[in-house]
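Below: one structure, written as structure tokens.
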Number of protein chains: 2
Amino acid sequence: MKLKNEIVQIDGIDKKILRFLMADARKPILEIARQIGISGAAIHQRLRKLESSGLISGSKFIINPKALGYNTMAFIGIFLDKAMSNPDAVRQLKQIPEVLECHYTTGNWSIFIKILCQDNEHLMNLLNKEIQTIKGVQRTETFISLNQQIERQIKV
Amino acid sequence: MKLKNEIVQIDGIDKKILRFLMADARKPILEIARQIGISGAAIHQRLRKLESSGLISGSKFIINPKALGYNTMAFIGIFLDKAMSNPDAVRQLKQIPEVLECHYTTGNWSIFIKILCQDNEHLMNLLNKEIQTIKGVQRTETFISLNQQIERQIKV
DNA sequence: GGTGAAATGCCTGTGGG
DNA sequence: CCCACAGGCATTTCACC
């Protein structure tokens with residue numbers, strides 16, 4: 001499965017297939033076949049091509065964090081000491097399962113993370129005991145998401 | 001499929017099943033069955049329960065945006081006029097397919113979004129022509145993600 | 001909760017247009 | 001790039017433990 005470093009060209013049929021599977025990864029291929037008027041074998045062929053082109057990077061069950069008691073999402077901008085090696089900080093952030101995303105960003109912060117906690121107390125503990133204690137972390141700025149209104153992938 | 005508003009209790013077998021399917025939604029149930037030493041029927045039963053409890057909120061094919069030429073991710077904090085009805089702004093943001101997430105947050109910004117663009121020029125166009133032109137948007141603060149190091153779901 | 005077996009239906013390779 | 005078909009499995013349900 002070589003990932004080519006080019007833009008993959010897809011046609012309308014590919015898009016239809018992808019839209020079905022992006023909404024429900026376990027939808028039977030033959031059902032998609034019936035709905036778009038093409039044979040199952042043709043869809044399998046197209047999917048193989050899309051996979052080896054690197055456009056499809058996998059599939060996931062999506063779990064609802066609220067059902068596990070995770071109700072507080074927050075974004076945290078992290079300021080690191082100038083001398084700090086950022087990859088070291090990232091390595092430590094990876095150890096914290098509540099950290100869902102981590103970015104190097106332009107602007108004031110060195111690192112920007114998205115984090116999911118059970119409640120505000122959990123968030124405070126993470127900040128005080130896990131994040132602020134990482135070597136090189138100077139200070140942080142936290143924004144709590146009161147409500148997420150959009151959550152999606154790029155449109156195909 | 002009623003979603004109960006409680007914390008769902010899951011055991012170690014549920015966790016194993018979920019971990020397999022969170023990594024690959026199309027993994028055959030019988031293969032999971034063999035790997036964790038339980039029958040396929042039992043897994044189906046557990047999955048039905050997990051779905052009706054609301055813990056599983058679906059499954060998705062994950063596509064690689066780079067393969068479609070989307071190389072620039074950015075976060076944008078949006079300041080709205082005090083008088084502005086935020087839901088109206090969100091409604092307009094929903095029309096912009098490049099907006100992948102949208103949150104109401106604590107702190108200075110009224111709204112915080114994650115956005116995926118092809119390049120910096122595309123980002124600039126979105127800012128100038130789509131976002132700044134939304135009624136009530138006063139100004140914005142943009143942070144470009146130079147590199148995303150972590151991307152995952154909450155651990156089960 | 002778990003199992004095993006049976007019916008149904010899917011996946012995927014091949015041959016051919 | 002597409003289809004049809006067939007063999008081998010996976011899925012799903014059911015009765016039962």
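When reading the values below, keep in mind they use all heavy atoms of this one structure, side chains included, and skip hydrogens, waters and symmetry mates. Each chain gets a letter, A, B and so on, in the order the sequences are listed, and its residues count up from 1.
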> Taking atom C1' of D:dC1 as reference, at what distance in whole Å does atom CG of A:Asp11 sit?
Replying inline: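 To the nearest whole Å, that distance equals 10 Å.
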
> For the pair made of NZ in A:Lys27 and P in D:dT11, what is the distance, rounded to whole Å?
Replying inline: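 It is 17 Å, rounded to the nearest whole Å.
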
>> For A:Ile144, is there any backbone N or O sitting under 3.5 Å from a side-chain donor or acceptor partner on B:Thr105?
In response: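 Checking the backbone N and O of A:Ile144 against the side chain of B:Thr105, no donor-acceptor pair under 3.5 Å is found.
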
> Below 4.0 angstrom, N of the basic side chain to O of the carboxylate: do A:Lys114 and B:Glu101 qualify?
Replying inline: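 Answer for the salt bridge query: yes.
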
> Should the pair B:Glu51-B:Lys49 be classified as a salt bridge under the 4.0 Å nitrogen-to-oxygen rule?
Replying inline: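 Salt bridge: no.
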
> Which residues in residues 29-49 of chain A have at least one heavy atom lying under 4.0 Å from any atom of DNA chain C?
Replying inline: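 A:Ile29, A:Leu30, A:Arg34, A:Ala41, A:His44, A:Arg48, in order of number.
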
>> Below the 4.0 Å mark, does D:dT11 have OP1 or OP2 next to a side-chain nitrogen or oxygen of A:Arg26?
In response: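 Yes, such a contact exists.
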
>> Is it the case that the ring center of B:His103 lies less than 6.0 angstrom away from the ring center of A:Phe143?
In response: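 Aromatic pair excluded; centres sit 6.0 Å or further apart.
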
>> Looking at A:Lys27, I'd like to know if its NZ atom is crowded, meaning that more than 12 non-hydrogen atoms belonging to other residues, nucleotides or ligands lie closer than 6.0 Å.
In response: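 More than 12 heavy atoms, drawn from other residues, nucleotides or ligands, come within 6.0 Å of this atom.
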
